[in-house]
Amino acid sequence: QVQLVESGGGLVQPGGSLRLSCAASGSIVSISALGWYGWYRQVPGKQRELVAGITSGGSTNYADSVKGRFTLSRDDAKNTVYLQMNSLKPDDTAVYYCNKRPYRWASEVNSYWGQGTQVTVSS
């Protein structure tokens, strides 16, 4: 129904910046119904955590660990969301996954995931 493709990950030094993109494609009806986008990240040995989310109306929420450094935005004309990551820290190193669902607290049953993009912050 919906496919999500992430891009923009890579290797960056501490204090640097990256911009991740998540492009949605597939059913127009589903893309419209699944109004919420979120970025999650996961590191070995830890559970996946929500980094940032954005509603269909553009309201955002951020994990405390990234607040003030990351900015999530959406371009509905392109069915794409962007995660601007500034002042990156080694603890930000993770695989970042894009997710799309009707709203933030929707069940995983109605949730779609991208394949992930690696972000490595290291000197």
Side-chain angles (χ1 to χ4, degrees):
Q1 284 270 289
V2 174
Q3 297 81 45
L4 303 175
V5 179
E6 304 104 329
S7 62
L11 174 64
V12 65
Q13 293 185 338
S17 298
L18 287 173
R19 189 177 76 159
L20 306 184
S21 299
C22 173
S25 62
S27 170
I28 299 300
V29 172
S30 294
I31 291 175
S32 178
L34 304 169
W36 183 88
Y37 288 92
W39 280 99
Y40 296 75
R41 67 186 181 188
Q42 188 167 29
V43 299
K46 294 185 177 181
Q47 64 181 359
R48 184 179 61 196
E49 67 170 341
L50 176 64
V51 176
I54 187 167
T55 69
S56 60
S59 297
T60 55
N61 66 283
Y62 301 93
D64 288 341
S65 59
V66 307
K67 198 169 299 181
R69 300 187 297 119
F70 291 9
T71 302
L72 181 59
S73 61
R74 63 190 294 158
D75 184 346
D76 288 331
K78 298 181 179 180
N79 293 322
T80 301
V81 295
Y82 306 94
L83 184 65
Q84 179 66 46
M85 306 187 297
N86 299 324
S87 302
L88 284 163
K89 306 174 180 179
D91 285 347
D92 295 320
T93 296
V95 178
Y96 285 71
Y97 297 92
C98 182
N99 178 265
K100 188 166 173 61
R101 63 185 72 194
Y103 53 92
R104 179 181 178 181
W105 307 111
S107 170
E108 287 287 334
V109 174
N110 296 316
S111 174
Y112 293 84
W113 293 90
Q115 294 302 305
T117 184
Q118 176 71 47
V119 172
T120 302
V121 185
S122 176
S123 59

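- Put simply, the side chain of Thr120 never gets that close to the backbone of Thr93: no donor and acceptor are under 3.5 Å apart.
- Cluster annotation: Tyr40 and Leu72 are assigned to distinct hydrophobic clusters (Ile/Leu/Val/Met/Phe/Trp/Tyr, side-chain heavy-atom contacts under 4.5 Å, transitive).
- Val12 and Leu20 end up in the same hydrophobic cluster when Ile, Leu, Val, Met, Phe, Trp and Tyr side chains are linked at under 4.5 Å.
- Across all non-hydrogen atoms, the minimal contact from Ser65 to Arg41 is OG-NH2, 3.3 Å.
- Between Tyr96 and Phe70, the ring planes lie tilted relative to each other; the angle falls in the 30° to 60° range.
- Remark: Ile31 CD1 to Gln3 CD distance equals 8.0 Å, nearest 0.5 Å.
- One distance of note links OH of Tyr37 with CG of Leu83; it measures 14.0 Å at 0.5 Å rounding.
- The minimum heavy-atom distance between Gln42 and Arg48, with the atom names listed, is NE2-N, 3.9 Å.
- Between the side chain of Arg104 and the backbone N or O of Gly38, no donor-acceptor pair lies under 3.5 Å.
- The hydrophobic clustering, which links ILVMFWY residues whose side-chain heavy atoms are closer than 4.5 Å, places Val119 and Val66 together.
- The neighbour count for Gln115 CD, taken as heavy atoms of other residues, nucleotides or ligands under 6.0 Å away, does not exceed 12.
- Distance alone, capped at 3.5 Å, places no donor-acceptor pair between the Ser32 side chain and the Val29 backbone.
- Considering OG of Ser59 and CH2 of Trp36, their distance stands at 13.0 Å, rounded to 0.5 Å.
- Side-chain atoms of Glu6 come within 3.5 Å of backbone N or O of Gly116 as a donor-acceptor pair.
- No side-chain heavy atom of Asp92 sits less than 4.5 Å from a side-chain heavy atom of Met85.
- When all heavy atoms of Thr80 and Ser21 are compared, the pair lying nearest together is CG2-CB, 4.5 Å.
- By the criterion of side-chain heavy atoms lying less than 4.5 angstrom apart, applied directly or through intervening Ile, Leu, Val, Met, Phe, Trp or Tyr residues, Trp113 is grouped together with Val95 in one hydrophobic cluster.
- Taking 4.5 Å as the limit, every side-chain heavy atom of Tyr82 sits out of range of all side-chain heavy atoms of Thr71.
- Side-chain contact between Asn61 and Leu50 is present, with at least one heavy-atom pair separated by less than 4.5 Å.
- The shortest heavy-atom contact between Lys100 and Ala24 is CD-CB, 4.3 Å.
- Leu4 has its side chain out of reach of Tyr97: every pair of non-hydrogen atoms, C-beta onward, lies at least 4.5 Å apart.
- No side-chain heavy atom of Arg101 sits less than 4.5 Å from a side-chain heavy atom of Asn110.
- The distance from the CG atom of Leu88 to the CG atom of Leu11 is 11.0 Å, given to the nearest 0.5 Å.
- When every heavy atom of Ser123 is checked against every heavy atom of Pro14, the shortest pair comes out as N-CD, 3.7 Å.
- Around NZ of Lys67, the count of heavy atoms belonging to other residues, nucleotides or ligands within 6.0 Å exceeds 12.
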